[in-house]
Each structure stands twice: as C-alpha cells, then as structure tokens.
Trainee: 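Starting off with a structure, shown below.
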Amino acid sequence: QVRLVESGGGSVQAGGSLRLSCVVFGYAYSDYCMGWFRQAPGKEREGVARVYARDGTSFHTDSVKGRITISRDNAKNTLYLQMNSLKPEDTAIYYCAAGRTTESWRCLSGRVDFGYWGQGTQVTVSS
C-alpha cells in the first residue's frame, strides 16, 4: 500500500524558515514525480514545486523561487521542502504528492497524474 506521510509544519513569523518532509512508503520512489502543493483558506490548491526523483530535475512556481526549494533523498525515500523568508501569503495546508512517470519532462511540465497524496501539514506565517 502506498503512503505519503508529511511532517514539519508549524507556525513562524514572517522571514522565518521551516522544512517540510514527506516520507514515501510502498513503492519504488525513484520512478515517480514528487510534488508539493498547498491550499490556503478560500483558495484553490496550487502547485508549489515538483522534482523528478530519478534525476533531481525540479520546477518551482514563480511566487516561491529564491525562497523555497524542493529536494529529495532517494536513499531515504524522502521528499523535502525547505522554506526560507516565509511570508504571510505562504500560509496554507501543504501536501506532498506522487505520480508515476518515466519522463522528467512530464514532471517538470506538470503533466503527471498525481495519484497519491499525503494528509497535509499546516504552515502558518504571521506578520
């Protein structure tokens, strides 16, 4: 059974940092596109960043570039999201997700069916 388990959320002041982790259980992690998504109250879910687990190539949405970085440790089957210089508008529930693909371009362009999702972790940034 495939499971994704997130941790690392919390409350910080603007300018602070958090690192989210997502441990993947139940499949060959390196064959997947891994992503972080977030959903703020009253807003639609948006993609934050994606990484192709096999080669580490990644995509970050414009609003987080230079502040938030996705990475992975294949040996630990773990996905990370390092968040620095946090802003109140980063407040949301953050979800990790996985979708199988053998082509990095699909991952980077978001053309992947993310079929597996974690339970979410709350990030709150106060001004």
Side-chain angles (χ1 to χ4, degrees):
Q1 183 177 358
V2 176
R3 283 195 307 136
L4 283 68
V5 180
E6 300 113 332
S7 62
S11 297
V12 296
Q13 291 190 329
S17 298
L18 285 172
R19 188 175 81 157
L20 306 183
S21 299
C22 174
V23 181
V24 179
F25 300 93
Y27 64 76
Y29 168 85
S30 62
D31 293 334
Y32 282 73
C33 178
M34 304 296 298
W36 286 99
F37 296 77
R38 65 186 180 186
Q39 187 164 22
K43 295 187 177 181
E44 293 186 355
R45 186 179 63 199
E46 66 167 339
V48 177
R50 298 182 291 276
V51 63
Y52 186 52
R54 184 173 294 279
D55 62 15
T57 51
S58 64
F59 166 85
H60 297 76
T61 196
D62 286 346
S63 63
V64 307
K65 284 181 180 177
R67 303 187 299 116
I68 294 177
T69 304
I70 192 171
S71 64
R72 91 278 188 245
D73 185 333
N74 288 355
K76 296 182 178 180
N77 267 20
T78 302
L79 179 73
Y80 301 101
L81 192 70
Q82 178 65 46
M83 304 190 293
N84 301 324
S85 301
L86 283 163
K87 303 176 180 180
E89 51 263 42
D90 294 318
T91 295
I93 300 175
Y94 283 71
Y95 300 90
C96 68
R100 189 164 188 177
T101 183
T102 57
E103 297 175 293
S104 63
W105 71 267
R106 289 188 179 277
C107 182
L108 300 183
S109 65
R111 297 178 185 180
V112 173
D113 178 15
F114 288 95
Y116 303 104
W117 292 82
Q119 80 284 358
T121 186
Q122 177 71 48
V123 171
T124 302
V125 184
S126 58
S127 57

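Everything numeric in this text was worked out from a predicted model, so none of it was measured.
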Trainee: So, do L79 and V51 sit near enough that their side-chain heavy atoms are less than 4.5 Å apart?
Mentor: yes
Trainee: Are L18 and I93 connected into the same hydrophobic cluster when the rule is that any two of I, L, V, M, F, W, Y join if their side-chain heavy atoms are below 4.5 Å apart?
Mentor: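 No: no chain of side-chain contacts under 4.5 Å links I93 to L18.
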Trainee: Starting at OG of S126, measure out to CD of Q13 and round the result to the nearest 0.5 Å.
Mentor: 5.0 Å
Trainee: Would Y116 and V24 show up in the same hydrophobic cluster when neighbours are defined by side-chain heavy atoms closer than 4.5 Å?
Mentor: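 Yes, because Y116 and V24 connect within a single hydrophobic cluster, where side-chain heavy atoms sit under 4.5 Å apart.
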Trainee: S104 and T57: which non-hydrogen atoms are nearest, and at how many Å?
Mentor: CB-OG1, 3.8 Å
Trainee: Enter the distance from L81:CG to S21:OG here, rounded to the nearest 0.5 Å.
Mentor: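 Here the interatomic distance stands at 9.5 Å.
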Trainee: So which heavy atom on T91 is nearest to which on Q122, and how close?
Mentor: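 So the two residues come closest at CG2-NE2, 4.1 Å.
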Trainee: Please assess R67 against M83 for the test side chain to side chain contact (heavy atoms under 4.5 Å, CB included), listing each intermediate value before the final yes or no.
Mentor: CA-CA 6 Å; R67 303 187 299 116; M83 304 190 293; over 6 Å; no
Trainee: If I take atom CD1 from residue I68 and atom CG from residue N84, how far apart are they, to the nearest 0.5 angstrom?
Mentor: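 Reported to 0.5 Å precision, the distance equals 8.5 Å.
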Trainee: Once you round to the nearest 0.5 Å, how far does OG of S71 lie from CE of M34?
Mentor: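 It comes to 11.5 Å.
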Trainee: Taking all heavy atoms of T101 and all of C33, pick out the closest pair and write down the distance.
Mentor: CG2-CB, 4.0 Å
Trainee: What I'd like to find out is whether the side chain of W105 reaches to under 4.5 Å of the side chain of R111, using heavy atoms alone.
Mentor: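 In short, these two side chains touch, coming nearer than 4.5 Å.
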Trainee: Taking 4.0 angstrom as the limit, do K87 and D90 come out as a salt bridge?
Mentor: no
Trainee: What closest approach, in Å, do I70 and H60 show between heavy atoms, and which atom pair accounts for it?
Mentor: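 Minimum heavy-atom contact is N-NE2, 3.0 Å.
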Trainee: Taking the side chain as every heavy atom from C-beta outward, state whether Y80 and R19 have any atom pair closer than 4.5 Å.
Mentor: yes
Trainee: Before you tell me yes or no, could you show the steps for R38 and V64 under side chain to side chain contact (heavy atoms under 4.5 Å, CB included), namely the whole-Å CA-CA distance, both residues' side-chain angles and the distance that decides it to 0.1 Å?
Mentor: CA-CA 12 Å; R38 65 186 180 186; V64 307; 4.1 Å; yes
Trainee: Check for a donor-acceptor pair, side chain of Q119 on one end and backbone N or O of V5 on the other, with a separation under 3.5 Å.
Mentor: no
Trainee: Looking at every heavy atom in both A53 and R72, which two are closest together, and how far apart are they?
Mentor: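 Closest heavy-atom pair between A53 and R72: O-NE, 2.9 Å.
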Trainee: What is the minimum heavy-atom distance between Y52 and Y32, and which atoms define it?
Mentor: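 Taking Y52 first and Y32 second, the nearest heavy atoms are CD1-O, 3.9 Å.
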Trainee: Drop me the distance from C107's SG to R50's CZ, to the nearest 0.5 angstrom.
Mentor: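 Between C107 SG and R50 CZ, I get 6.5 Å after rounding to 0.5 Å.
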Trainee: Might you work through the side chain to side chain contact (heavy atoms under 4.5 Å, CB included) test for L20 and V123, ending with a clear yes or no?
Mentor: CA-CA 9 Å; L20 306 183; V123 171; 4.1 Å; yes
Trainee: Specify whether F114 and F37 have parallel, tilted or perpendicular ring planes, treating 30° as the upper limit for parallel and 60° as the lower limit for perpendicular.
Mentor: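 Aromatic pair F114/F37 classed perpendicular.
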